[in-house]
Amino acid sequence: MPELNAPQAQAAAHTEGPLLVFAGAGSGKTRVITFRIANLLSQHRVPPYRILAVTFTNKAAGELKARLEHLAGPEVTRDLWAGTFHSVCARLLRRYHDEAGLGPKFVIYDESDQKAVISRLLKERGLDDRRMPPRWVLSKIHAQKREGHGPGDLEAESGFDAEWLDLFRGYEKALRSSNAVDFEDLIVLAMRVAEDPNSAAGRDLRERFRYVLVDEFQDTNITQYRLVRALSASSRNLCVVGDDDQSIYRWRGADVRIIRGFRRDFPDAGVVKLEQNYRSSANIVKAALGVIAPALEREPKQLWTDAALGEPVRIRTVPNERDEAAYIVRTVRGELARGVDPKSIAVFYRVHAQSRVIEEALRAENVPYQIIGGMRFFERAEVKDLVAYLRLIDNPKSDADLLRVINVPARGIGDKTVDLVLAAAAERSLSAFEALSALVRENALSGAAKTKLRGFVELMQGLSAASVGLSPSELAGHVLEATGYRTRLREDDSAESDARLENLEELIGSIREYEEDAAGRSEPVSLSGWLERVSLVSAVDAAKDVPSISLMTVHAAKGLEFTTVILTGLEEETFPYRGMDSDGIDDLEEERRLAYVAVTRARERLFITHAESRTLFGRTQYKLASRFLRDLPDEAVAREGVQRTPYLPSTTGSFDDEYSPPPRPRAPAWQTAVDQARARMGTAQPGERVIDREAFDDLGDSVAIRPGDRVRHKQFGRGVVERVEHDGSVTVVARFPGHGSKRLRAEYLEPG
DNA sequence: TACAAGCGCCTTTTT
DNA sequence: GGCGCTTGTA
């Protein structure tokens, strides 16, 4: 068994009272957690069901259990509580559903279900969804719920839009009447039960766990924190593990201040810092330290390594995203050729939209890859349809599911009939299916609507009856038959329908997998169990164990490691990403931490690319190199290709800080163009950089845009470049017919 | 009522 | 560039 170093052993052995572990990237955190729990089980004889370990993905929980099984035996891991905040809460709420005001078979609404609820409410109220976009309404609702606020708490306060508040109220009501919860509810409802000083359930929950451990604690939000504080209230054995430098979920309510302030809340907390990195080569660690060093607020700590230098981090300048994709393919090929396992190779990007070009290139060259996350299997229409039927069987109150399938496949129940049903539901304070059944029972309808609706009620009753004797996968197959869904797709023999049928078969296959998996662990197999699981799978959980390289966002890469990492799109506005409302120092700080996470995933080789122009979301823009590239220490990197886009010299501060001129190499007059190019490339060690032929072909121009180029501008339309200036930012003087000559920043121009 | 084409929209990161 | 939605037509 491998030894633990001193701080690791300290963290594993400190079992009484609160403990805060700062675990630097690659510092062996997972081993510490595993040893700590193994220690509790075998040395301290703690029953496994009294230990709760909150992990960031369900996969991490599964791996933890597998390792513990290896160390302590299978009987132990079965009863251990390990999972994400959301899955642990779902499990608790199944048990305490009454106290939380839920039925036993509540469903979890995903983002599209939630949006459908809001859209419905907007329609009911006659509000314009362009003035009140569902996205915006929802994000405001979630922000409040994450703080633990309900609509009732906000009424007294001013400053809340009355229409929005009314939507918030309606949204909560709609979810409860559908016996549905959203992701925030899982946390908040569990928290409320656990914090309740008077209920038996509250006392029970606060007594239940002797040891509570939270991994990736830097990404915990306030309600999650309150929940684990309540769950560890009686024992005070709360151990939190995290790294403030890797906090990347501020946008969904995570608050780094919680980990930074832990010692304030628990003055007697033990504190351990794991600072030795065992994962990466010294050059990669140096690069990571360079990226994170300018961060404004950090817990004092110093990541170090005694690993060999290894290869330099390679920074590659490419003309555009297609060349970037070609470079990625070449690099992956090279890595495979030197014997790297494809599963140990990953390509990272900041936003999913960047993946398409890379995918196309990989596919064209027959390099096996898989996308982690992105447009997910469960978002496909046919898959959602079948899942909606299954959820409706499990929980007939779920309006979102009823509305989805009531006319799928088409059975002649149109919008008017649906509106009639919804009006009746609103009037009687019933769910849509209850109202629908009542209307049918009372014979309150006329003509076609009557027969069609009766047919639907009978169909659902039949399915519900069938569900009793069938396993979830058998039931899924039966649904496809009984609803005519399968027949409908078979009759239409287009390629698209075939693909849909295949997807549905895959879905049924995945239900079967769940059944086998649960049976193997002697867990009860139920439709509710499977539905809960599919609602809470993370991107990484869904990854297949196949010999392929992985493509993913940097967020999805958190907690993972790879021999070779290709980090793409290191350009201003792409990474650091600048969205419509990103602004200010906090967003930029989080982008920096995100870059730190990306760099620290690599064990042996890290390749970083940046493009001089990029087409994203259908718009082509000239790009400045990312400020983060400037923070990489020269001695750890090798810059490849002529770097023609200037770096931003100021790496800290907000997005809007003025671009000041970069330190321009003052070349003596006698220097040749080649020397100037070398000077522009920075101070990499001779021999460490690779300069390719093609990159030298257009020496003399130091930017990708030059006089004579045709360009397009949002306001001025098409024009021709007259002059290019590049002192810091790239400024272009261009003549636009009808507007004359204009001085413009290059990033506001597109090639035209 | 159902389908197809066409338009306009948006466009981070995720449980 | 893709998606969902609306519109128009059979």
Side-chain angles (χ1 to χ4, degrees), chain A residues 54-60 83-90 108-112 114-116 119 129-130 133-136 138-139 142 145-146 181-188 216 219-221 223-224 247-254 321 348-357 360 372-376 378-381 407-417 448-449 452 488 492 494 532-542 552-558 569 573-582 587 590-591 593-595 597-598 614-621:
Chain A
V54 180
T55 56
F56 205 70
T57 62
N58 290 300
K59 195 179 182 189
T84 61
F85 267 111
H86 293 91
S87 54
V88 166
C89 287
I108 301 164
Y109 275 6
D110 68 13
E111 204 185 321
S112 67
Q114 296 162 19
K115 263 195 205 153
S119 298
D129 64 359
R130 300 209 309 207
R135 268 180 79 93
W136 175 85
L138 266 177
S139 79
H142 291 322
K145 290 177 79 165
R146 280 193 296 257
V181 296
D182 61 20
F183 295 116
E184 268 73 40
D185 284 326
L186 288 170
I187 312 291
V188 170
E216 305 283 6
D219 283 321
T220 296
N221 68 33
T223 47
Q224 291 167 334
S247 171
I248 56 174
Y249 282 96
R250 198 175 76 95
W251 52 275
R252 70 174 205 208
E321 74 280 356
F348 298 163
Y349 33 77
R350 179 62 182 81
V351 300
H352 283 299
Q354 289 168 255
S355 74
R356 225 196 56 260
V357 184
E360 281 166 7
I372 309 297
M375 164 49 168
R376 290 197 286 217
F378 287 99
E379 286 165 16
R380 291 165 200 270
N407 202 30
V408 177
R411 50 175 72 92
I413 303 176
D415 289 345
K416 273 191 176 171
T417 312
K452 303 276 166 68
R488 187 57 172 262
D492 176 337
S494 65
E532 179 177 311
R533 203 149 95 155
V534 300
S535 302
L536 299 177
V537 285
S538 73
V540 174
D541 295 336
M552 68 190 83
T553 62
V554 181
H555 282 89
K558 178 171 130 168
E573 321 266 291
T574 309
F575 198 174
Y577 185 84
R578 185 178 195 174
M580 280 174 304
D581 45 30
S582 59
D587 286 323
E590 180 141 314
E591 294 292 318
R593 295 190 296 263
L594 193 57
V597 168
R614 180 176 298 275
T615 304
L616 202 60
F617 304 126
R619 284 211 336 261
T620 304
Q621 287 185 308

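Below, chains carry the letters A, B, ... as their sequence lines are ordered, and counting in each starts from 1.
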Chemist: Could I get the full list of ring-ring contact (aromatic ring centres under 6.0 Å, His included) partners for A:H142, not counting sequence neighbours?
Modeler: none
Chemist: Rounded to whole Å, please give me the gap between OH in A:Y577 and C1' in B:dT13.
Modeler: 10 Å
Chemist: Over how many whole Å does the gap from A:I248 atom CD1 to B:dT12 atom C1' extend?
Modeler: 12 Å
Chemist: According to the interplanar angle, ranging from 0 to 90°, do the rings of A:H555 and A:W251 count as parallel (below 30°), tilted (30 to 60°) or perpendicular (above 60°)?
Modeler: perpendicular
Chemist: Between the protein and nucleotides 6-10 of chain C, which nitrogen or oxygen pairs come in under 3.5 angstrom?
Modeler:
none

Chemist: Quick one: does any side-chain atom of A:Q114 pair with a main-chain N or O of A:Y109 as donor and acceptor, under 3.5 Å?
Modeler: yes
Chemist: Is any N or O donor-acceptor pair between the side chain of A:R252 and the base of B:dT15 shorter than 3.5 Å?
Modeler: no
Chemist: Please state how far atom CZ in A:R250 lies from atom C1' in B:dT13, giving the value in whole angstrom units.
Modeler: 12 Å
Chemist: Nearest to the side chain of A:R356, which nucleotide is it out of C:dG2, B:dT13, B:dT15?
Modeler: C:dG2
Chemist: If the C1' atom of C:dG4 is compared with that of B:dT13, how far apart are they to the nearest Å?
Modeler: 22 Å
Chemist: Listing time: all N or O pairs from protein to nucleotides 3-7 of chain B that are below 3.5 Å?
Modeler:
from, atom 1, to, atom 2, distance (Å)
B:dC3, OP1, A:R488, NH2, 3.0

Chemist: Both A:H86 and A:N407 contact DNA chain B. Taking the nearest nucleotide for each, which residue is further toward the 5' end?
Modeler: A:N407
Chemist: Donor-acceptor check, side chain of A:D219 to backbone of A:I248, threshold 3.5 angstrom: yes or no?
Modeler: yes
Chemist: With C1' as the reference atom in both, quote the distance from B:dT12 to C:dC5 in angstrom, rounded to an integer.
Modeler: 23 Å
Chemist: Can you tell me the distance, in whole Å, between the NE2 atom of A:H352 and the P atom of C:dG2?
Modeler: 16 Å
Chemist: Residues in salt bridge (Lys or Arg N to Asp or Glu O under 4.0 Å) with A:R593, at least two apart?
Modeler: A:E590
Chemist: If I take atom CD in residue A:Q114 and atom C1' in nucleotide B:dT15, what distance separates them, rounded to the nearest angstrom?
Modeler: 10 Å
Chemist: What is the distance, to the nearest angstrom, from the CZ atom on A:F617 to the P atom on C:dC3?
Modeler: 13 Å
Chemist: What is the separation between atom CD on A:E111 and atom P on B:dT13, rounded to the nearest whole Å?
Modeler: 10 Å
Chemist: For A:P133, what residues pass the side chain to side chain contact (heavy atoms under 4.5 Å, CB included) criterion, not counting sequence neighbours?
Modeler: A:W136
Chemist: Could you list the residues that satisfy ring-ring contact (aromatic ring centres under 6.0 Å, His included) with A:F183, not counting sequence neighbours?
Modeler: A:H86
Chemist: Please determine if a side-chain N or O atom of A:R135 lies less than 4.0 Å away from the OP1 or OP2 oxygen of B:dT11.
Modeler: yes
Chemist: Going by the rule salt bridge (Lys or Arg N to Asp or Glu O under 4.0 Å), which residues pair with A:K59 if we only count those two or more places apart in sequence or in a different chain?
Modeler: none
Chemist: Once you apply a heavy-atom cut-off of 4.0 Å, does A:Y249 come out as touching a base, just sugar-phosphate, or nothing?
Modeler: sugar-phosphate
Chemist: In whole Å, what is the span from the NZ atom of A:K115 to the P atom of B:dC10?
Modeler: 11 Å
Chemist: Are any of A:S87's side-chain N or O atoms less than 4.0 Å away from OP1 or OP2 of B:dT15?
Modeler: no
Chemist: Quick one: salt bridge (Lys or Arg N to Asp or Glu O under 4.0 Å) partners of A:R146, sequence neighbours excluded?
Modeler: A:E184
Chemist: Under the salt bridge (Lys or Arg N to Asp or Glu O under 4.0 Å) test, which residues partner A:R356, sequence neighbours left out?
Modeler: A:E360
Chemist: Using the side chain to side chain contact (heavy atoms under 4.5 Å, CB included) criterion, which residues pair with A:V357? Sequence neighbours excluded.
Modeler: A:E321, A:R322, A:A325
Chemist: Considering residues at least two apart in sequence or located in another chain, which fulfil the side chain to side chain donor-acceptor pair (under 3.5 Å) criterion with A:T223?
Modeler: A:N221
Chemist: When you measure from the side-chain N and O atoms of A:S538 to the phosphate of B:dT14, is any distance below 4.0 Å, counting only OP1 and OP2?
Modeler: no
Chemist: Given that both pair distances must be under 3.5 Å and the pair must be Watson-Crick or G-U, what runs of three or more consecutive pairs involve DNA chain C?
Modeler: B:1-10 with C:1-10
